**Q** 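The structure under discussion is supplied below as structure tokens; questions concerning it will follow.
These figures come from a predicted structure and were not determined experimentally.
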Amino acid sequence: MAESDNIVVETAEKIFADLADPQTINNDKTNSWQAPLWQALSEAGLPLSWVPDDLGGSGASLADGFALLNAAGRFAVAVPLAETMLAGWLLAQAKIASPEREMTVLPASPKDRITIDADGALSGRSRGVPFAKAAKHFAVLAHGKDGVSIALVDASKARIESGLNVGYDHSDTVTLDKVQPVTIKAAPDGVDQTNLMLMGGVARSLQIAGALESMLDISVRYSNERVAFEKKISKFQAVQHNLARLAGESAAALAAATSAADAIANAKSFNDEVYLEAASAKIRCAEAAEKGGGIAHQVHGAIGFTMEHILHRYSLRALAWRDDFGSESHWAVELGKLVANRGADELWPLVASR
Amino acid sequence: MTAALRFDPIRLPEKCEQLRKEVRAFLAEEIAAGTFDPHKPNREDTDAPEFSRRVGAKGWLGMTWPKKYGGQERSFLERYVVTEEMRVANAPTRRFFVADRQSGPVLLKYAPEHIKMEILPRICRGEICFAIGMSEPNSGSDLFAAKTRATKTDGGYLINGTKIWTSSAHIADYMIAIFRTSQPTKENRRHGLTQFLVKMKQPGIKVNPIGQITGQYEFNEVVFTDFFVPEDHVLGEVDGAWKQATSELAYERSGPERFLETYYVLTELVRAVGPNPDTRSAEGIGRLVAQLHTMRRMSVSVAGMLAAGKEPVVEASIVKDIGTVWEQQLPHRVRDLAAFVEETATNRETLERQLDFAIKTAPKLTIQGGTTEVLRGIIARGLGLR
Ligand SMILES: Cc1cc2nc3c(=O)[nH]c(=O)nc-3n(C[C@H](O)[C@H](O)[C@H](O)COP(=O)(O)OP(=O)(O)OC[C@H]3O[C@@H](n4cnc5c(N)ncnc54)[C@H](O)[C@@H]3O)c2cc1C
């Protein structure tokens, strides 16, 4: 996942650098930056990276798409790029073509469930759906008496209650009340709600890792500029050690997330080893967001606590992303059950399987 | 984007998995034969010479070294797998581990040819044990404060002074040590230390045991009194040991031994909790496994960098820092989680015995091989802060 030889990432980074400069965005209270950014991303085919050409997308590999999400995390962009990518991926699993414009996925939490009525209409509630307010369509995973189906739903048919996550991004409650989907098809074997959540969790892990990379960068830079007691604060050993720990958390998050992405991109199915990778990534990245974000704020002093400063664009989003597609507590319980169920002597073989 | 450190998600190649099976089979046989008990980390058999020879006979020592010195010219990643499996099984590796990881590579790089030919094959056969003589009573983290003198004399050097905390010195055949050959200069306080190969068990060396709070005894004070080292036992550049010592650190700091020392308590907790854990146990285990998995992936990634000929000093320091802090906290987390384990858990006694030992082991983990504070200094330097 080297970024230099990845054309998808290069394209995205150029667009982000031109149109998603964090300071400019932070100064803009009207969100007028969103439309040109989304337009540029769409023209480059990035939101539908994971949708094959014949279904209306640009057909990038899973690996390239994951690297793109990491880059998006480094800019902490607040547009539904990850969500539209995931939606496109889910629809493509059932060979449903993706419409243009913003999308998001339902459900966004492992605990929520959308069901299919006898007449094919969809019902159910999904909480914490990122960017539901901005989405024109939803990709929905739903349960019927014949198993799991994937549906494309017109967002205007749903009831949406607005909410905000701790990062000030839309995280809404979507209620489907006997909504007829635009299209609905049976999900192929191996695509179920758990795997959708793992996929979403890895997307969020890559974004969190990217945000931590940026927090490390701006914290190191700031410590080399800020002078206190007549020296740069970077010269104080206590500050150096804090930044060394932030580097460790950032490195751990990135390692866990890229490893999980690599595992999914190369796996034939979501087996136990992939489960370990994906669940671990979400758990470890969420822990890193807490510890690393705390250090970044400590190093920045009061200035990082202001709305004027860009730090919160990364720190609060990284914290917010912990909650999507299953929190780290959820995945820790599930992973713990899996490990216990396999038995003590199977723990090491699982960990050492890759 | 400058500071971020990337750990590429490399996978161990297929032949490593084959090797892993062989190592597991070998260890299972040794356990069955009673060589060691995998459930007893607090073993007293730190010195297991016959086991060392059998590991050597398998070709698992000096695996990456040239064949002419007894090595196998296998990859660094294959060696990694052997180390992992030995650690997880609690195998008695003390006798050969230092030579395999550290001393052998130093000799390969800096020893004269006849010494390489004499000693390296014996390491590969598991016949000899090495110690590392760096620390002194007033010089641990601050290596450059070392005072033990090597004074030039006819055909070699005379050594006077004291090394301390020297692991395995009581069983070692050789030590690779740094001694002061001249004073530091004003411009460079790292100047003046030289690396030597020292043959142990000779007059002029006295090894005094130092007890540890675990109840075990593995490190020592080593006193040199007019001890003679021949000229050809100088390793590398006279007065230039600091360069040599620092470039090896990545090997010492990123391996699986840096996060697996107390691992056994986690396995034993999973056993005690059983197949249907309550929410609290499940969450605790899940988090620990996720943390372990992440560190291992980082460690494998650093092994890949080393195999590719890089010098990932900062990355290795990060793995050691995170790894040793984790293995230090692990027994305490396991103790928390074990508080509500059923009285009837079949392995309860084993778990309690292991916890007792691991809790006593924990305090040393962030000290040996470079303290947490020293590692964070190295990482900070890598970030451009100093
Ligand atoms: C089990 C075990 C086995 C060992 N085996 C060997 C061996 O085989 N060979 C060998 O040579 N050594 C060995 N050591 C020694 C080990 O490498 C040293 O203990 C270590 O380098 C620390 O040195 P010290 O004990 O003198 O502590 P000190 O250096 O005195 O450190 C005391 C405290 O001060 C902190 N400190 C010191 N300097 C700084 C600084 N600049 N900035 C911030 N904090 C600082 C340290 O981090 C530590 O917390 C072993 C140690 C242990 C525990």
Side-chain angles (χ1 to χ4, degrees), chain A residues 1-2 74 212-214 216-217 219-221 223-224 234-235 237 239-241 243-245 247-256 258-263 266 276-277 279-284 287 328-329 331-341 343-345 347-348 350-352 354, chain B residues 1-9 11-12 20 81 84-85 88 263 266-277 279 281-298 300-301 314-315 317-318 321-322 347 373 375-386:
Chain A
M1 229 170 266
R74 288 200 286 275
L212 278 162
E213 287 175 74
S214 293
L216 174 62
D217 266 344
S219 301
V220 165
R221 204 181 319 139
S223 77
N224 275 324
S234 63
K235 298 300 164 202
Q237 197 179 47
V239 174
Q240 291 178 354
H241 285 195
L243 287 169
R245 280 175 54 226
E249 291 304 307
S250 165
L254 191 60
T258 52
S259 181
D262 183 65
N266 292 300
L276 168 72
E277 290 268 8
S280 294
K282 189 74 197 296
I283 297 165
R284 190 61 185 87
E287 292 177 348
E328 71 271 31
S329 301
W331 287 116
V333 169
E334 295 303 310
L335 180 59
K337 284 185 191 161
L338 177 108
V339 165
N341 205 265
D345 296 323
L347 172 55
W348 177 250
L350 177 66
V351 170
R354 280 165 190 273
Chain B
M1 301 289 151
T2 49
L5 295 149
R6 301 203 83 90
F7 287 75
D8 288 340
R11 303 278 162 195
L12 296 173
R20 189 187 297 284
V81 165
E84 274 192 335
E85 293 300 321
V88 166
Y263 168 77
L266 180 54
T267 314
E268 227 40 47
L269 174 69
V270 174
R271 201 184 312 284
V273 157
N276 298 305
T279 307
S281 312
E283 192 201 347
I285 290 169
R287 281 189 192 259
L288 291 169
V289 170
Q291 292 155 359
L292 169 66
H293 165 75
T294 302
M295 284 181 308
R296 178 176 178 276
R297 298 294 298 138
M298 297 172 86
V300 169
S301 185
V314 177
E315 290 85 348
S317 301
I318 285 181
D321 179 20
I322 295 182
N347 65 326
E373 289 76 10
L375 293 167
R376 289 180 185 166
I378 293 169
I379 299 165
R381 192 182 302 282
L383 294 174
L385 302 176
R386 39 196 301 193

**Q** Can you name the nearest heavy-atom pair linking A:L243 to B:L383, along with the distance?
**A** O-CD1, 3.7 Å
**Q** Which atom names give the shortest non-hydrogen contact between A:A340 and B:G274, and what distance separates them?
**A** CB-O, 3.4 Å
**Q** Which bit of A:A352 comes within less than 4.5 Å of chain B, counting heavy atoms only: side chain, backbone, both or neither?
**A** both
**Q** In terms of heavy-atom pairs under 4.5 Å, which option from B:V289, B:L12, B:N347 contacts chain A the most?
**A** B:V289
**Q** Any idea which of A:S259, A:S234, A:A255, A:A256 has the most non-hydrogen atom pairs under 4.5 angstrom with chain B?
**A** A:S259
**Q** I need the B:L5 CG to A:L216 CG distance, nearest 0.5 Å.
**A** 7.0 Å
**Q** Under the side chain to side chain contact (heavy atoms under 4.5 Å, CB included) rule, collect the residues that match up with A:S329, sequence neighbours excluded.
**A** A:S327, B:E283, B:R287
**Q** Check each atom of B:R381 against the heavy atoms of chain A and say whether the ones under 4.5 Å are side chain, backbone, both or neither.
**A** neither
**Q** Where does B:I322 contact chain A at under 4.5 Å (heavy atoms): side chain, backbone, both or neither?
**A** side chain
**Q** Residues two or more places apart in sequence or in another chain: which of them pass side chain to side chain donor-acceptor pair (under 3.5 Å) with B:R376?
**A** B:D321
**Q** Testing the basics here: between B:T294 and A:S280, what is the closest heavy-atom pair and its distance to 0.1 Å?
**A** OG1-O, 4.5 Å
**Q** Where does B:T267 contact chain A at under 4.5 Å (heavy atoms): side chain, backbone, both or neither?
**A** both
**Q** Take B:H293 and A:L276, measure what side chain to side chain contact (heavy atoms under 4.5 Å, CB included) needs, and give me the verdict at the end.
**A** CA-CA 8 Å; B:H293 165 75; A:L276 168 72; 3.6 Å; yes
**Q** For A:A247 and B:I379, which heavy atoms make the closest approach, and how far apart are they?
**A** CB-CG2, 4.1 Å
**Q** Among B:V81, B:I285, B:V88, which residue forms the greatest number of heavy-atom pairs with chain A at distances under 4.5 Å?
**A** B:V88
**Q** Just by distance, with hydrogens left out, do A:W348 and B:E85 show a side-chain donor and acceptor under 3.5 Å apart?
**A** yes
**Q** Mind ranking A:R284, A:E328, A:Q237, A:R221 by heavy-atom pairs under 4.5 Å with chain B and telling me who comes out on top?
**A** A:R284
**Q** Could you go step by step and tell me if A:T258 and B:D8 meet the side chain to side chain contact (heavy atoms under 4.5 Å, CB included) rule?
**A** CA-CA 7 Å; A:T258 52; B:D8 288 340; over 6 Å; no
**Q** What pair of heavy atoms forms the shortest contact from A:L335 to B:A290, and how long is it?
**A** CD2-N, 4.1 Å
**Q** With only heavy atoms counted, which part of B:E373 is less than 4.5 Å from chain A, the side chain, the backbone, both or neither?
**A** both
**Q** Under 3.5 Å, side chain of B:R296 to main-chain N/O of A:V351, donor-acceptor pair present?
**A** yes
**Q** Could you please spell out the steps behind the salt bridge (charged side-chain N to carboxylate O under 4.0 Å, His left out) verdict for B:R11 and A:E277?
**A** CA-CA 13 Å; B:R11 303 278 162 195; A:E277 290 268 8; 2.9 Å; yes
**Q** Can you tell me how far the CG atom of B:N276 sits from the CG atom of A:N341, to the nearest 0.5 Å?
**A** 7.0 Å
**Q** Tell me, for A:E287 versus chain B, whether the close heavy atoms (under 4.5 Å) come from the side chain, the backbone, both or neither.
**A** side chain
**Q** Sort B:R271 into side chain, backbone, both or neither according to what part of it lies under 4.5 angstrom from a heavy atom of chain A.
**A** both
**Q** Would A:S223 and B:L385 count as a side chain to side chain contact (heavy atoms under 4.5 Å, CB included) if you check the C-alpha gap in whole Å, the side-chain angles of each, and the deciding distance to 0.1 Å?
**A** CA-CA 8 Å; A:S223 77; B:L385 302 176; 3.5 Å; yes
**Q** Answer with side chain, backbone, both or neither: which region of A:N224 has an atom nearer than 4.5 Å to a non-hydrogen atom of chain B?
**A** side chain
**Q** Side chain from CB out, backbone as N, CA, C, O: work out which of these in A:A253 comes under 4.5 Å of a heavy atom of chain B, or both, or neither.
**A** neither
